[in-house]
Amino acid sequence: MWGSNPPLYCHPPAHIEAIPCKICGDKSSGFHYGVSACEGCKGFFRRSQQSSLSYACSRQQNCPIDRASRNRCQHCRLQKCLRLGMSRDGSITPGCSVLMGSGSITPGCSVLMGSGSITPGCHILVGPGSIHSWLQDLAPWGPCPCPSPVSMSPMMSPHPPELLTQSVLASHRETCQLRAEELQLRRRETFSREEVCAFQKKLPEEMWQRCACRLTEAIQSVVEFAKRLRGFMELCQNDQIVLLKAGAMEVVLVRMCRAFNPDNRTVFFEGKYAGAELFRSLGCPELIGSIFDFAQNLCALRCSEGEVALFSAIVLINATRPWLQDPGKVARLQGRLEVAFRLLLRRTQREGLLAKLPPLCRLRALCSQHVEQLQTFRRLRPAAPLSAFPPLYRELFAPEPESPR
Ligand code: E3V
């Protein structure tokens with residue numbers, strides 16, 4: 001997705017290796033063209049989009065595509081790439097609304113840019129790496145290609161809540177970076193004193209950049225989660241973007257509790273478990289402390305994966321977000337998710353959870369604290385270029401000020 005060259009601002013997203021290439025099962029090197037893919041399939045898809053060649057299959061157009069066989073049939077390999085949601089960069093459909101830097105929306109205005117930069121005056125990023133392009137990646141082939149039990153619009157279909165729960169859980173599992181069991185198993189792997197010192201000695205610029213990259217990856221997987229949620233892709237594009245801009249970071253914070261060990265107050269970060277002191281050079285101990293406290297409190301509720309999945313969906317599908325075009329449609333989807341959540345809790349005799357979950361204002365406060373700390377960092381370190389941060393991170397947390405022109 002980042003295009004053909006690896007971005008300079010991100011260290012290799014090693015954790016993505018835990019997710020195999022969706023096309024052939026080889027080791028993934030990240031999200032490319034909207035899908036977790038290996039270098040081979042990324043390069044193949046790029047070439048297939050550049051050349052004017054058309055591929056033909058000499059068999060029945062159902063060749064198996066795995067690591068060993070992927071080079072045997074280009075036709076079937078390309079079909080599989082497309083079926084699983086790969087789409088070329090810049091396939092942006094005009095006519096969408098644009099979010100302004102202030103959070104306001106100008107309907108009807110459409111901006112097409114492929115540079116990955118913020119368009120002057122209009123602060124929605126539509127180039128590679130933006131929320132917009134992450135969403136657009138599936139657009140030419142319609143809603144998410146993952147198997148759906150019915151062909152009707154999920155919003156309209158009379159699905160029992162159990163099916164909704166199932167599909168939300170599946171979406172969560174498919175997109176949650178590391179599996180809960182793996183995170184649990186690795187709890188004993190903590191950073192050594194020396195490793196912690198090495199992190200603390202890093203320049204704030206480097207540490208901010210690393211954390212921004214990790215957060216961006218986590219947000220990208222929340223975008224994937226959203227795209228797989230029943231009903232989300234049926235919302236208009238403006239509302240998809242509004243919900244993601246407002247809620248993606250909140251969902252990241254909710255998901256983070258899966259990677260938190262309350263016994264020793266450590267969180268999984270770059271391969272091992274780390275205490276809050278590891279993040280010292282960021283220069284925002286209060287923010288890190290609040291994130292750890294939040295995770296500690298959420299962990300104490302001992303949520304199942306199903307509960308985390310449904311709570312994440314409810315955080316995201318929130319009809320009260322400002323600037324929604326069709327809040328009614330969002331409210332109907334939200335209502336169905338809430339019914340499914342309540343039913344799950346009743347079935348598992350966990351009704352008490354509802355009152356204990358963190359209120360949405362708590363999540364909102366954490367997100368504002370993060371944006372404020374980023375502003376403080378930029379004020380204190382004016383030499384640190386914003387361009388060192390991934391475009392998606394900048395789009396969400398560092399909107400360009402209104403241009404003076
Ligand atoms: C939660 C966290 C993580 C974790 C991806 C290396 C390897 C992560 C980031 C913790 C930030 C912060 C994290 C944290 C994962 C989760 C990794 C950013 C998996 C800012 C593994 C790198 C990657 C790779 C703050 C708030 C300081 C689903 N999954 N990940 N942690 O670190 O991003 O060796 O595999 O839950 F506190």
Side-chain angles (χ1 to χ4, degrees), residues 9-20 27-31 36 169 171-187 189-191 195-196 199-200 202 204 206-225 248-262 264-296 298-299 303 305 307-309 311-312 315 363 366-374 377 389-390 392-393 396-397:
Y9 38 74
C10 271
H11 304 267
H15 77 282
I16 293 201
E17 288 169 11
I19 310 171
K27 209 154 118 182
S28 164
S29 65
F31 282 93
S36 168
L169 180 55
S171 311
H172 169 75
R173 287 225 163 95
E174 286 160 15
T175 61
C176 66
Q177 299 188 280
L178 289 181
R179 294 188 312 141
E181 305 87 82
E182 174 162 7
L183 286 163
Q184 192 80 24
L185 280 174
R186 294 176 68 171
R187 278 181 168 195
E189 302 169 27
T190 50
F191 285 112
E195 288 170 323
V196 172
F199 273 106
Q200 292 174 335
K202 288 185 194 303
E206 195 201 334
M207 205 56 193
W208 267 91
Q209 196 188 337
R210 276 178 177 242
C211 289
C213 286
R214 299 289 83 84
L215 281 181
T216 304
E217 290 160 1
I219 287 165
Q220 283 164 351
S221 52
V222 173
V223 176
E224 289 298 313
F225 171 65
M249 179 67 186
E250 298 184 359
V251 174
V252 167
L253 290 167
V254 169
R255 287 175 152 204
M256 197 78 92
C257 76
R258 302 164 65 253
F260 188 81
N261 181 357
N264 57 6
R265 276 180 73 88
T266 54
V267 70
F268 189 74
F269 178 78
E270 301 203 342
K272 289 189 187 174
Y273 276 81
E277 72 284 358
L278 180 131
F279 301 97
R280 190 188 292 161
S281 88
L282 291 174
C284 48
E286 305 86 1
L287 171 62
I288 297 296
S290 313
I291 294 175
F292 273 57
D293 288 344
F294 178 82
Q296 183 100 36
L298 199 48
C299 270
C303 292
E305 283 289 272
E307 290 166 352
V308 173
F311 185 52
S312 299
V315 167
L363 277 164
L366 272 179
C367 292
S368 321
Q369 209 180 339
H370 167 228
V371 170
E372 279 157 27
Q373 286 301 320
L374 175 63
F377 165 73
F389 292 117
L392 183 55
Y393 182 87
L396 293 184
F397 308 120

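Everything numeric here is computed off the predicted structure, so don't read it as measured data. First listed ligand is number 1; within each ligand, the first listed atom is number 1.
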> Which atoms of ligand 1 sit under 4.0 Å from any heavy atom of M256?
Replying inline: 1 (C), 2 (C), 10 (C), 12 (C), 14 (C)
>> Any salt bridge linking E305 with R258? Criterion: basic side-chain nitrogen under 4.0 Å from a carboxylate oxygen.
In response: yes
> Which option, S221, C211, A212, G271, owns the non-hydrogen atom nearest atom 34 (O) of ligand 1?
Replying inline: G271
> Is there a nitrogen or oxygen of R214 sitting under 3.5 Å from a nitrogen or oxygen of ligand 1?
Replying inline: no
> Which ligand 1 atoms, with their elements, are less than 4.0 angstrom from a heavy-atom of L215?
Replying inline: 18 (C), 20 (C)
> Can we say E182 and R179 salt-bridge, meaning some charged N sits less than 4.0 Å from an Asp/Glu carboxylate O?
Replying inline: no
> Any salt bridge between R280 and E277, counting N to O under 4.0 Å?
Replying inline: no
> Does ligand 1 have any atom sitting under 4.0 Å from a heavy atom of I288?
Replying inline: yes
> Has R255 got its NZ or CZ under 6.0 Å from the middle of the six-membered ring of F225, at an angle within 45 degrees of the ring axis?
Replying inline: yes
> In ligand 1, which numbered atoms sit nearer than 4.0 Å to a non-hydrogen atom of R258?
Replying inline: 28 (C), 36 (O)
>> Consider side chain to side chain contact (heavy atoms under 4.5 Å, CB included). Of L363, V308, V222, I219, which one does V251 pass it with?
In response: V222
>> Please determine whether any non-hydrogen atom of C176 lies less than 4.0 Å from an atom of ligand 1.
In response: yes
>> What I want to know is whether L282 and ligand 1 share at least one N or O pair that is separated by under 3.5 angstrom.
In response: no
>> Would you say S36 and S28 are linked by a side-chain donor-acceptor pair, where the criterion is simply a distance under 3.5 Å?
In response: yes
